*Asks:* 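I am attaching a structure below and will ask some questions about it afterwards.
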Protein chains: 2
Amino acid sequence: MDELDSAILRHLQRDARQTNRDLARTLGIAPSTCLERIRVLRARKVIRGYHADVDPAALNRHVQALIHFQIRPFSRAIIEAFKAYAAGLPEVSTVYVVTGGDDMIVHVSTPSVDYLHGFLMDKFTERREVVGFRTSVIYQHTHNQVLEPLTP
Amino acid sequence: MDELDSAILRHLQRDARQTNRDLARTLGIAPSTCLERIRVLRARKVIRGYHADVDPAALNRHVQALIHFQIRPFSRAIIEAFKAYAAGLPEVSTVYVVTGGDDMIVHVSTPSVDYLHGFLMDKFTERREVVGFRTSVIYQHTHNQVLEPLTP
DNA sequence: TGATCGGCCGAATTTAATTCGATCTGGATG
DNA sequence: CATCCAGATCGAATTAAATTCGGCCGATCA
């Protein structure tokens with residue numbers, strides 16, 4: 001992980017579909033060198049994949065929310081099961097298992113507020129391990145696509 | 001946005017670097033047709049970009065957390081300013097502006113718990129608009145890379 | 001100093017992206 | 001019901017990129 005690797009990661013986080021030639025030219029190295037570096041980064045699982053970023057609105061997901069769950073009893077099996085259940089719902093994009101007042105925070109995106117309400121009622125209120133949840137509707141969210149290495 | 005567009009989005013969300021030829025063959029269409037569909041999806045901003053997914057641990061980000069902020073006074077200008085400030089910090093990957101008990105939720109990733117503590121003390125406690133914040137350390141998080149269109 | 005190794009380079013080859021004219025399809029219209 | 005039209009699709013030809021691989025360079029160590 002030298003400066004060249006960092007630069008490659010920086011550029012591929014920003015635009016994963018630029019050609020290897022362009023990237024190599026930007027970095028001032030040969031295309032074959034660049035290709036080999038990327039191959040190693042993938043083999044080492046530093047690069048986990050390449051994903052298209054799709055506008056949620058185009059997928060009829062106009063309302064997003066964070067749902068804060070309290071789960072009881074708090075055991076590994078229960079947490080794992082609930083996490084798997086939530087992650088399998090098509091409305092759910094991210095599941096966080098966390099410390100603090102809540103046990104799990106789930107990011108969902110739905111067509112409308114009505115849909116969100118029905119979704120929460122149908123999918124979560126009946127589950128025994130859910131002793132409570134709170135909904136935070138998301139007004140805005142900004143995502144930092146490019147993460148730099150941090151120095152300790 | 002017919003079924004073919006949805007299929008293209010599904011495949012590009014999963015793997016944005018498969019070749020156009022492979023994608024076309026998977027979908028049973030000509031490469032030129034597939035290319036044109038993708039061109040239109042990009043022009044319509046349905047596809048917003050392509051990003052490499054990099055392992056945070058490889059960037060020395062071993063500890064992640066969600067920070068829940070309460071901001072006062074609660075005005076557009078204050079919220080916007082704080083959002084811009086938070087989003088500009090390299091440790092921050094996502095900023096959510098939300099309804100509910102908290103005003104903003106910020107996803108951060110840092111090298112260690114010590115770093116996280118110092119970061120929070122240095123970057124947030126001194127800001128006047130921050131009247132309080134709570135930290136939820138993230139034990140696990142699963143991300144659903146492929147979002148399907150929802151029917152209302 | 002000389003040997004060795006790992007990484008880098010660049011030319012050659014293979015493969016893919018892109019372009020564009022021809023063809024097809026489905027819907028509107030007389 | 002036949003015709004027309006517009007938009008989408010196709011496939012061959014061209015352009016450009018990915019990939020391979022043998023050789024070179026520079027750092028390291030005996």
Side-chain angles (χ1 to χ4, degrees), chain A residues 1-61 111 145-152, chain B residues 1-61 111 145-152:
Chain A
M1 277 295 293
D2 56 9
E3 178 48 43
L4 183 53
D5 283 331
S6 294
I8 289 172
L9 294 179
R10 183 160 52 244
H11 284 90
L12 288 181
Q13 284 179 90
R14 192 166 44 71
D15 177 9
R17 292 208 72 160
Q18 64 193 302
T19 67
N20 183 60
R21 293 178 102 81
D22 283 350
L23 179 52
R25 196 161 45 77
T26 302
L27 301 174
I29 60 177
S32 50
T33 302
C34 191
L35 201 67
E36 172 64 8
R37 289 281 193 144
I38 293 171
R39 196 191 60 74
V40 172
L41 288 170
R42 293 209 62 171
R44 288 172 50 201
K45 306 284 177 69
V46 172
I47 296 174
R48 300 192 290 199
Y50 303 98
H51 304 286
D53 173 24
V54 175
D55 182 357
L59 301 173
N60 193 29
R61 294 163 181 266
Q145 298 291 0
V146 179
L147 295 185
E148 295 283 342
L150 292 181
T151 53
Chain B
M1 278 294 293
D2 56 8
E3 177 48 43
L4 184 53
D5 283 330
S6 294
I8 289 171
L9 294 179
R10 183 162 49 244
H11 284 90
L12 288 180
Q13 283 178 91
R14 193 166 44 72
D15 177 9
R17 292 207 73 160
Q18 63 193 300
T19 67
N20 183 59
R21 293 178 103 82
D22 283 350
L23 179 53
R25 197 163 44 77
T26 301
L27 301 175
I29 60 177
S32 50
T33 302
C34 191
L35 202 67
E36 171 63 8
R37 288 281 193 144
I38 293 170
R39 197 191 61 73
V40 172
L41 288 169
R42 295 209 60 172
R44 289 173 49 201
K45 305 286 177 69
V46 172
I47 297 174
R48 300 192 290 200
Y50 303 98
H51 305 287
D53 172 24
V54 175
D55 183 356
L59 301 172
N60 193 28
R61 295 163 180 266
Q145 298 292 1
V146 180
L147 296 186
E148 295 282 344
L150 293 181
T151 52

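A note on names: the letters A, B, ... follow the listed sequences, proteins ahead of strands, and every chain is numbered from 1. Small disclaimer: the values here were computed from a predicted structure and weren't measured.
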*Asks:* Which residues pass the salt bridge (Lys or Arg N to Asp or Glu O under 4.0 Å) test with B:R10, sequence neighbours left out?
*Replies:*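 Checked B:R10 against salt bridge (Lys or Arg N to Asp or Glu O under 4.0 Å); matches are B:E3, B:E148.
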*Asks:* Kindly write out the residues that satisfy salt bridge (Lys or Arg N to Asp or Glu O under 4.0 Å) with A:R17, not counting sequence neighbours, or none if the list is empty.
*Replies:*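 Salt bridge (Lys or Arg N to Asp or Glu O under 4.0 Å) check on A:R17 returns nothing, list empty.
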*Asks:* Does B:D15 have any salt bridge (Lys or Arg N to Asp or Glu O under 4.0 Å) partners at least two apart in sequence or in another chain, and if so, which?
*Replies:*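 Salt bridge (Lys or Arg N to Asp or Glu O under 4.0 Å) list for B:D15, sorted by chain: empty.
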*Asks:* Figure out the CD/P separation between B:E36 and D:dG11, and round it to whole Å.
*Replies:*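 After rounding, the reported distance stands at 16 Å.
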*Asks:* For nucleotides 19-25 of chain D, read 5' to 3', which letter fits each nucleotide if B means a protein heavy atom sits under 4.0 Å from the base, S means only the sugar-phosphate is that close, and - means neither?
*Replies:* BB-----
*Asks:* Tell me which pairs pass salt bridge (Lys or Arg N to Asp or Glu O under 4.0 Å) where either residue lies in residues 28-37 of chain A, with sequence neighbours left out.
*Replies:*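 Residue pairs with at least one partner in residues 28-37 of chain A: A:D2-A:R37, A:D5-A:R37, A:E36-A:R39.
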*Asks:* Side-chain polar contacts of residues 23-34 of chain B - donor-acceptor pairs under 3.5 angstrom, sequence neighbours left out - could you list them?
*Replies:*
from	atom 1	to	atom 2	distance (Å)
B:R25	NH2	B:D22	OD1	3.3
B:T26	OG1	B:D22	O	2.9

*Asks:* What is the distance, rounded to the nearest whole Å, between atom CZ of A:R25 and atom C1' of C:dC9?
*Replies:*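 After rounding, the gap between these two atoms is 17 Å.
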*Asks:* Residues from residues 1-10 of chain A sitting under 4.0 Å of DNA chain C, heavy atoms only?
*Replies:*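 Within this stretch, nothing sits under 4.0 Å of the strand.
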*Asks:* Please work out which residues in residues 38-46 of chain B have a non-hydrogen atom less than 4.0 Å from an atom of DNA chain D and list them by number.
*Replies:*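 Residues of residues 38-46 of chain B under 4.0 Å from DNA chain D: none.
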*Asks:* Which residues pass the side-chain contact (heavy atoms from CB on, under 4.5 Å) test with B:R14, sequence neighbours left out?
*Replies:*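 For B:R14 the side-chain contact (heavy atoms from CB on, under 4.5 Å) partners, ignoring immediate neighbours, are B:H11, B:V146.
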*Asks:* Atom CG of A:L12 and atom P of D:dA18: how far apart are they, to the nearest Å?
*Replies:*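 Between P of D:dA18 and CG of A:L12: 11 Å.
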*Asks:* Decide yes or no on side chain to side chain contact (heavy atoms under 4.5 Å, CB included) for A:L150 and B:L59, but give the supporting numbers first.
*Replies:* CA-CA 6 Å; A:L150 292 181; B:L59 301 172; over 6 Å; no
*Asks:* Can you tell me how far P of C:dT18 sits from CZ of B:R37, to the nearest Å?
*Replies:*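 Taking atom P of C:dT18 as the reference, CZ of B:R37 is at 18 Å.
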*Asks:* Only counting residues at least two apart or in another chain, list the ones meeting side chain to side chain donor-acceptor pair (under 3.5 Å) with A:Q145.
*Replies:*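 Testing A:Q145 for side chain to side chain donor-acceptor pair (under 3.5 Å), a comparison that skips the adjacent residues, returns none.
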*Asks:* Assign each of A:T33 and B:T19 to its nearest nucleotide of DNA chain C by heavy atoms, then name whichever residue's nucleotide is nearer the 5' end.
*Replies:*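 In this pair, the answer is A:T33.
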*Asks:* Applying side chain to side chain donor-acceptor pair (under 3.5 Å) as the test, list every pair that has at least one member in residues 51-61 of chain A; sequence neighbours left out.
*Replies:*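 For residues 51-61 of chain A: A:D53-B:R48, A:N60-A:H62, A:R61-A:S109.
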